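Throughout, protein chains are lettered first and strands after them, A, B, ... in sequence-line order, and every chain is numbered starting at 1. Everything numeric here is computed off the predicted structure, so don't read it as measured data.
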Amino acid sequence: MTPTQRAFAIVVSILFFLFVMNAIRRRAVEIQYAILWLAVAAGIFVLSVWYDLLLALSRFIGAVVPTTTLFLFGILFLVIINIQFSMRVSNLQTRLRALAQEHALLVERVERERHDAAPSAS
Amino acid sequence: MADALVIIPAYNEEHRIGDVVRELRALALDADILVVNDGSRDRTARAARAAGATVISHPYNLGYGATLQTAYKYALRQGSRYVLQMDADGQHPPEEARKVLDPVRRGEADVVIGSRFMAGGGGYESPWARRVGIRLFGALARALTGARMTDVTSGFIAVNRPVIALFASELFPADFPDADVRMMLHMAGYRVQEIPVQMKAGPPNKSMHGGALALWYIAKMLISMAIVRSSRAPVRPDKEETP
């Protein structure tokens, strides 16, 4: 890895880390996701300062060039987190639907009871 | 309060819903009428209320299946013993309502489905692609359950109290409750009966399964049927007590 590449990787990982920290500080992400993204930031940082680890990893999985290792794990990570997100969105949608139904049923009931309580007003 | 409830899911039906409700009331079915307004942008709720129906309005559009489910939840809480489900667009003529509801009221079946494809049924010709689709899904559901189904997309249905409880549960699909629900009913062992009814053509471009939605519908239905087939039969609330 050339010094330019290394410097760029380190800068990117630090910026990413600051971005995540700021999101946590503003409570924009839940703590479980915060931990995940901090781990990602740490991973990028470790790989950019410790190039031999990437080379060892590449040998381990049988990749010819280290970039393959990076892309492989990067894409795998994105796919997994996307599946996880769609499960979460489905779950939220189910809850939201039940909540909207419950709300509609309650509104009808409140209106009916109000109407029954005041039979003179129509 | 009547022992039966007629439920009508409605989305942007201000021009038709009033007539459907009035015609139903004129029949003196001894049933209350509930219109569930699925976040319509027109005055569906006002028209239905003016015609004498009870109206529940979703705060926003939730879809056909979820709208039916809201109605079944209401029926369950109100203590209705029978529910007759029909469409708001005039496709299901109110004068056929008694035909669908009565066998359930007499206890001859747990579920009665109005079919326009049985001998004596009919009324209008749907587009050929739709007819082919209905036949295919019917054949597939039959192959998977062994039960004969001629009109799996029919929304002209009467059910009794145990089925009301099943439809109010989270097992009921939120989008298109068709062949998958029919399979669920057969797997749970409910007595399902199809009877021939006359239906009218719905308004153009309003059909749930038309146009670009067709492929989406087919994919969803196939997956949904596979899920139902691979799941255990739903627990029957009315059979839980028996040893």
Side-chain angles (χ1 to χ4, degrees), chain A residues 20 22-37 40 71-122, chain B residues 1-2 5 7-11 32-40 44-46 48-50 52-80 83 164-165 167-177 220 223-224 227:
Chain A
V20 174
N22 191 40
I24 296 169
R25 200 180 49 78
R26 289 186 297 117
R27 297 175 204 277
V29 283
E30 280 180 46
I31 210 75
Q32 47 172 325
Y33 289 114
I35 292 167
L36 177 78
W37 293 117
V40 170
F71 282 121
L72 180 70
F73 283 108
I75 289 168
L76 222 73
F77 173 78
L78 290 177
V79 167
I80 290 168
I81 196 144
N82 261 309
I83 293 171
Q84 215 270 334
F85 277 155
S86 61
M87 279 158 57
R88 235 179 119 88
V89 168
S90 306
N91 183 29
L92 287 174
Q93 200 169 1
T94 307
R95 290 181 183 192
L96 191 60
R97 185 164 52 235
L99 202 58
Q101 289 178 323
E102 215 52 50
H103 171 267
L105 287 163
L106 275 175
V107 167
E108 189 277 332
R109 195 172 135 188
V110 168
E111 279 172 1
R112 179 155 37 96
E113 279 171 8
R114 188 177 293 161
H115 182 83
D116 291 349
S120 53
S122 65
Chain B
M1 212 176 93
L5 180 71
I7 62 173
I8 309 171
Y11 178 62
D32 297 318
I33 300 170
L34 172 72
V35 171
V36 182
N37 163 33
D38 189 19
S40 299
T44 297
R46 187 190 289 191
R49 210 170 271 129
T54 301
V55 176
I56 294 181
S57 288
H58 284 164
Y60 47 85
N61 187 258
L62 293 180
Y64 181 65
T67 307
L68 287 172
Q69 196 187 36
T70 300
Y72 282 108
K73 286 180 175 178
Y74 177 87
L76 191 66
R77 290 171 201 191
Q78 290 297 111
S80 311
V83 160
I164 294 172
F167 286 0
S169 79
E170 76 281 5
L171 289 170
F172 195 70
D175 35 38
F176 315 111
K220 280 186 110 162
I223 292 170
S224 184
I227 293 171

Give me a line-by-line list of donor-acceptor atom pairs from chain A to chain B that are under 3.5 Å apart, or tell me none exist.
residue: A:Gln101; atom: OE1; partner: B:Lys73; partner atom: NZ; Å: 2.6
residue: A:Gln101; atom: NE2; partner: B:Ala66; partner atom: O; Å: 2.7
residue: A:Gln101; atom: NE2; partner: B:Gln69; partner atom: OE1; Å: 3.1
residue: A:Gln101; atom: NE2; partner: B:Thr70; partner atom: OG1; Å: 3.1
residue: A:Glu102; atom: OE1; partner: B:Arg77; partner atom: NH2; Å: 3.2
residue: A:Glu102; atom: OE2; partner: B:Arg77; partner atom: NH1; Å: 2.6
residue: A:Glu102; atom: OE2; partner: B:Arg77; partner atom: NH2; Å: 3.0

Practice problem: For residues B:Pro59 and A:Ala104, report the shortest heavy-atom separation together with the two atoms involved. | Solution: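 Minimum heavy-atom contact is CD-CB, 4.5 Å.
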Quiz item: How about A:Phe85: does its CZ atom have over 12 heavy atoms from other parts shown lying under 6.0 Å from it?
Solution: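 Counting other residues, nucleotides and ligands, CZ of A:Phe85 exceeds 12 neighbours.
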Self-check item: Residue A:Ile31 excluded, over 12 heavy atoms near CD1 under 6.0 Å
Solution: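 Check fails, neighbour count at 12 or below.
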Quiz prompt | Which atoms of B:Val55 approach chain A - backbone, side chain, both or neither, heavy atom under 4.5 Å | solution =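 The backbone, not the side chain.
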Quiz prompt | Separation between CD1 of B:Ile56 and CG of A:Leu106, rounded to the nearest 0.5 Å | solution =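 Rounded to the nearest 0.5 Å, the CD1-CG separation comes to 10.0 Å.
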